[in-house]
Amino acid sequence: MSYTYDNQNIFAKILRNEIPNKTAAENDHALAFYDINPAAPIHLLIIPKGAYVNYDDFLNHASIEEKTGFDQLILQLISENNLTSFDGGRGYRVISNAGAWGMQEVPHYHVHLLAGEPIGPLRVKS
Ligand code: AMP
């Protein structure tokens, strides 16, 4: 399976510091920043620093170090925001959109971390 990565996508530009972002956390393999159009009181985007189009591209091609670094950054954000329901937090939702039917807008792999109020049903049929 080969994936075509558009290095002019907006998250690639953020990684190159060509456009600003509101950074929440960062490590060697991933960057977390606040969504410009938040859908919840806490709406973070976590992106790998490598050039991956979507979740399955990341699963297919990222190294163990990249995958571990990515997950560690998410875990750090869950901890820093006191979100885990096993430690007094109220919980959260992590989602990733892929492709046309997933309604992915930005073709650089990312996950949304949503929290801060009840996030609602998984899907509202239109
Ligand atoms: P998706 O539909 O999963 O591709 O979501 C892309 C997300 O990126 C949306 O929630 C947008 O609000 C967000 N977004 C787009 N441009 C920016 C930006 N420059 N800074 C922060 N978030 C952005």
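When a ligand or atom number is given, it counts from 1 through the structure's own listing order. This chain uses plain numbering: 1 for the first residue, then up along the sequence.
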- Selected option - heavy-atom contact closest to atom 3 (O) of ligand 1, from Q104, E105, H110, K13: H110
- Message: Residue-level breakdown please: for F11 versus ligand 1, do any non-hydrogen atoms fall below 4.0 Å on the side chain, on the backbone, on both, or on neither?
- Response: side chain
- Message: On the six-membered ring of Y34, is K22 placed so that its NZ or CZ lies under 6.0 angstrom from the centre and within 45° of the ring axis?
- Response: yes
- Can you tell me if N21 has a non-hydrogen atom under 4.0 Å from ligand 1? no
- Item | Within-cut-off N or O pair, V106 and ligand 1, under 3.5 Å | yes
- Any N or O on M103 sitting closer than 3.5 Å to an N or O of ligand 1? yes
- Take L15 and L31 through the side-chain contact (heavy atoms from CB on, under 4.5 Å) test and state the conclusion after the steps. CA-CA 8 Å; L15 286 169; L31 173 70; 4.0 Å; yes
- Identify which of L114, I10, I36, I47 has a heavy atom lying nearest to atom 23 (C) of ligand 1. I36
- Does some non-hydrogen atom of H112 fall short of 4.0 Å from ligand 1? yes
- Message: If we count only N and O atoms by modelled type, under 3.5 Å, do the side chains of N60 and Y52 hold a donor and an acceptor together?
- Response: no
- Message: With rounding to the nearest 0.5 angstrom, report the NE2 to CD1 distance, H112 to I42.
- Response: 15.5 Å
- Where on Y34 is there a heavy atom closer than 4.0 Å to ligand 1, on the side chain, on the backbone, on both, or on neither? backbone
- Query: If you look only at pairs with a residue in residues 40-69, which of them pass as a salt bridge (Lys or Arg N to Asp or Glu O under 4.0 Å), with sequence neighbours excluded?
  - Reply: E26-K49
- Task: Counting heavy atoms only, name the option from N97, N37, D35, N54 that's nearest to atom 11 (C) of ligand 1.
- Result: D35
- ligand 1 atoms in contact with L45 (distance to a heavy atom under 4.0 Å): 8 (O), 13 (C), 22 (N)
- Item | Aromatic centroids of Y109 and F11 separated by under 6.0 Å | no
